[in-house]
Amino acid sequence: MIEKADSLQTQFSIGVKGTVRRTEKTPRGIEIVPSEIRILGIAQHPLPLDVTGRTPAEIDTRLNARVLDLRRDECGAVFRIEHVALEATRAFLSERGFVEVHTPRIIASATEGGAALFPVTYFEHDAFLAQSPQLYKEQLIMSFEKVFEIGSFFRAEESHTRRHLSEFISVDIEEAFAAAPDVMKVLEKLVRYVCGAVKKGCQRELEILKYRFDVPRTPFKRFTYDEILKELDGEGVDVPWGEDIPTPAFRTLGKIHPYFYFITDWPTKSKAFYINPQDENPKVCEGFDLMWQWVELASGGTRIHSKDLLIKRLTEHGLHPESFKFHLKVFDYGMPPHAGWAIGLERLIMMLTGKKNIREVVLFPRDRYRLTP
RNA sequence: GCCCUGGUAGUAUAGCUCGGUCUAGUAUAGACGGCUGUCGCCCGUCCGACCCGGGUUCAAAUCCCGGCCAGGGCGCCA
């Protein structure tokens, strides 16, 4: 047995039979005096990275040996926080009558235009990976009134940044008989609740990560797009009205508003076709974004529930109403007014863990250049 | 898609500006030994690297070109 104990190496999987005793000599205050040792799995040395964490490896090296990387306390802490955040999200939404649903990942045509889709071969048809559950969740509120979905979606964007992925997890809700202000309240309360749950339930993990955050107070600040433009102008950043706000401008905003805030009343043309234009001024819509510092955490809005208007907006976006006939048909069945939003889960986890690179908070990230492991 | 930066042992880095004692330094990991009832304690010895191809030169880790790979930024988007 001594010989066997002598042959043990870092990362071996072993079974030990013996007597457990208290001791002051070990970090955990216990020791096992073995009567039998079994080697269950051996490890080939040298390992591709230092599991003790004394010599930190670069993100690329770590992702190539991700399961070993996950053995590090710091890495494990991130995903335990994610677990608690998801648990809290489900509890919060279920408590408020939202029903968890699952919509298709394989779809026949583009759901929103905008973001690029990954094509897939579906028997004798061309199909795509879903970029969002948007149209399906809207349809489902006719039956369930309030729904939510937590799942992976796909964007074939060429983005190469610390906050974009090709495959990401979206936390989506949709609610009937609701408008933007209603679902904004749900959103800010959810964020507060999740922050509270993580802060309370993940003290050890946050300590490992050496990261702290304050549970935000609600309501979050609300700024209109026009107010934001004025504020940026004051900082010497010029954004022409109607344009999306460029990333460098968001970074400036993040310095002025270092926590959560909403941006509302966006120009209609800068948002998706299904966002409702305001009655009194159709150039502006009922869409909103939830920001955390300079990062867009979530976006949502009041949806169009008039079929005619929806067709008009589709056409204005250069989309063909025929490709949306199954979706449009639903609007003939008594579609109630509704609103919803979507949170980029990974971005929320970045906020909760202090990680600066979105790949840190995904077990096996997929980005423009990474398809393995 | 455009732009910038970088590729030195298993890992992380020094060296590159101003080419030559670089037979490439250091840390950590690994092997072996010592020490301590244990240790992601300490000490010692050892092992191990210039991304690929071409060019310039008497001489290239170092300069130039191409490729590949990686990181980041922008646009787009969550």
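Per chain, numbering begins at 1; letters A, B, ... match sequence-line order.
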### Query
Does the pair Arg313(A) and Asn276(A) meet the rule for a side chain to side chain donor-acceptor pair (under 3.5 Å), with working shown?
CA-CA 9 Å; Arg313(A) 296 289 299 138; Asn276(A) 200 41; over 6 Å; no
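The separation between Arg62(A) atom CZ and G71(B) atom P is 12 Å, rounded to whole Å. Here C2(B) presents its P atom at 16 Å from CD of Glu157(A), a figure rounded to the nearest Å. Whole-Å rounding puts the Glu58(A) CD to U8(B) P distance at 8 Å. Taking atom CD1 of residue Ile358(A) and atom P of nucleotide G71(B), one finds them 14 Å apart after rounding to whole Å. Here the P atom of nucleotide A78(B) and the CZ atom of Phe288(A) are 13 Å apart, to the nearest Å. The distance between atom NZ of Lys269(A) and atom P of C76(B), rounded to the nearest whole Å, is 12 Å. Between Asp367(A) atom CG and G1(B) atom C1' there is a gap of 16 Å when expressed in whole angstrom units. Atom CG of Asn357(A) and atom C1' of G72(B) are 10 Å apart (whole Å).
Taking each heavy atom of Ser270(A) and Asp244(A) in turn, the nearest pair found is O-OD2, 4.3 Å. A pairwise comparison of heavy atoms in His338(A) and Glu138(A) identifies NE2-OE1, 2.7 Å as the closest pair. Shown here for Val194(A) and Thr89(A), the closest heavy-atom pair between the two residues is CG2-OG1, 3.5 Å. Nearest heavy atom pair, residue Thr61(A) against residue Pro48(A), reads CG2-O, 4.0 Å.
Of the two residues contacting RNA chain B, namely His164(A) and Pro56(A), the nearest-nucleotide position lying further toward the 5' end is that of Pro56(A). Remark on RNA chain B: of its neighbouring residues Asp73(A) and Thr247(A), the 5'-side contact belongs to Asp73(A), judged by nearest-heavy-atom nucleotide.
Residue Ala57(A) is in sugar-phosphate contact alone, with no base atom involved, counting any heavy-atom pair closer than 4.0 Å across all strands shown. Residue contacts for Asp69(A): at a heavy-atom cut-off of 4.0 Å it reaches no nucleic acid atom on any strand shown. At a threshold of 4.0 angstrom between heavy atoms, the contacts of Leu165(A) include nucleobase atoms, whether or not backbone atoms are also involved. At the heavy-atom level, Asp289(A) lies nowhere under 4.0 Å from the strands shown.
Side chain Ser159(A) to base C76(B): a donor-acceptor pair is found below 3.5 Å.
Lacking a ring centre under 5.5 Å from that of the base six-membered ring together with a plane angle below 30°, Tyr369(A) does not count as stacked on A70(B).
Distance from the side chain of Pro246(A) is smallest for G75(B) among the nucleotides G37(B), G10(B), G75(B). When each of G10(B), G72(B), G75(B) is scored by its nearest atom to the side-chain atoms of Pro46(A), the top-ranked nucleotide is G10(B). Nearest to the side-chain atoms of Pro248(A) among the listed nucleotides A78(B), G75(B), G72(B) stands G75(B).
A sub-4.0 Å separation between OP1 or OP2 of A29(B) and a side-chain N or O of Gln9(A) is absent. Between Asn64(A) and the phosphate of A70(B), there is no side-chain N or O to OP1/OP2 separation shorter than 4.0 Å. Residue Thr61(A) places at least one side-chain N or O closer than 4.0 Å to OP1 or OP2 of A12(B). An OP1 or OP2 oxygen of G73(B) is reached within less than 4.0 angstrom by a side-chain nitrogen or oxygen of Arg251(A). Phosphate contact (OP1/OP2 of U13(B), side-chain N/O of Thr55(A), threshold under 4.0 Å): absent. Here Arg163(A) does not reach the OP1 or OP2 of A78(B): none of its side-chain N or O atoms lies under 4.0 Å away. Between Thr10(A) and G40(B) there is no side-chain polar atom (N or O) within less than 4.0 angstrom of OP1 or OP2. Side-chain nitrogen and oxygen atoms of Arg359(A) include at least one within less than 4.0 Å of the OP1 or OP2 phosphate oxygen of G72(B).
Annotated stems with RNA chain B as a participant read B:1-7 with B:68-74, B:10-13 with B:25-28, B:30-34 with B:42-46, B:51-55 with B:63-67, given as range with range, by first number; only runs of 3 or more Watson-Crick or G-U pairs under 3.5 Å qualify.
Rounding to the nearest 0.5 Å gives a distance of 4.0 Å between CG of Leu165(A) and CD1 of Ile358(A).
When the P atom is compared between C74(B) and G10(B), the two are found 35 Å apart, to the nearest whole Å. Taking the P atoms as reference points, C77(B) lies 39 Å from C64(B), given to the whole Å. Rounded to a whole angstrom, the distance from the P atom of C76(B) to that of C68(B) is 27 Å. Across the P atoms, U36(B) and A14(B) are found 39 Å apart, a figure rounded to whole Å. For the P atom pair drawn from C32(B) and G54(B), the interatomic distance equals 41 Å after rounding to whole Å. Rounded to the nearest Å, the gap between the C1' atom of U62(B) and that of G6(B) is 15 Å. Here the separation of G55(B) from A9(B), taken at their C1' atoms, is 28 Å to the nearest Å. U26(B) and G67(B) are spaced 37 Å apart, taking the P atom of each and rounding to whole Å.
Cation-pi check for Arg105(A) over Phe153(A) is met; the charged atom lies under 6.0 angstrom from the ring centroid and within 45 degrees of its normal.
Using a 3.5 Å distance cut-off with no hydrogens or angles, the side chains of His164(A) and Thr161(A) do pair a donor with an acceptor. Using modelled atom types, one finds a donor on one side chain and an acceptor on the other under 3.5 Å when comparing Ser170(A) with Asp172(A).
Looking at Glu188(A) and Arg222(A), their side chains come closer than 4.5 Å, going by heavy atoms from C-beta outward.
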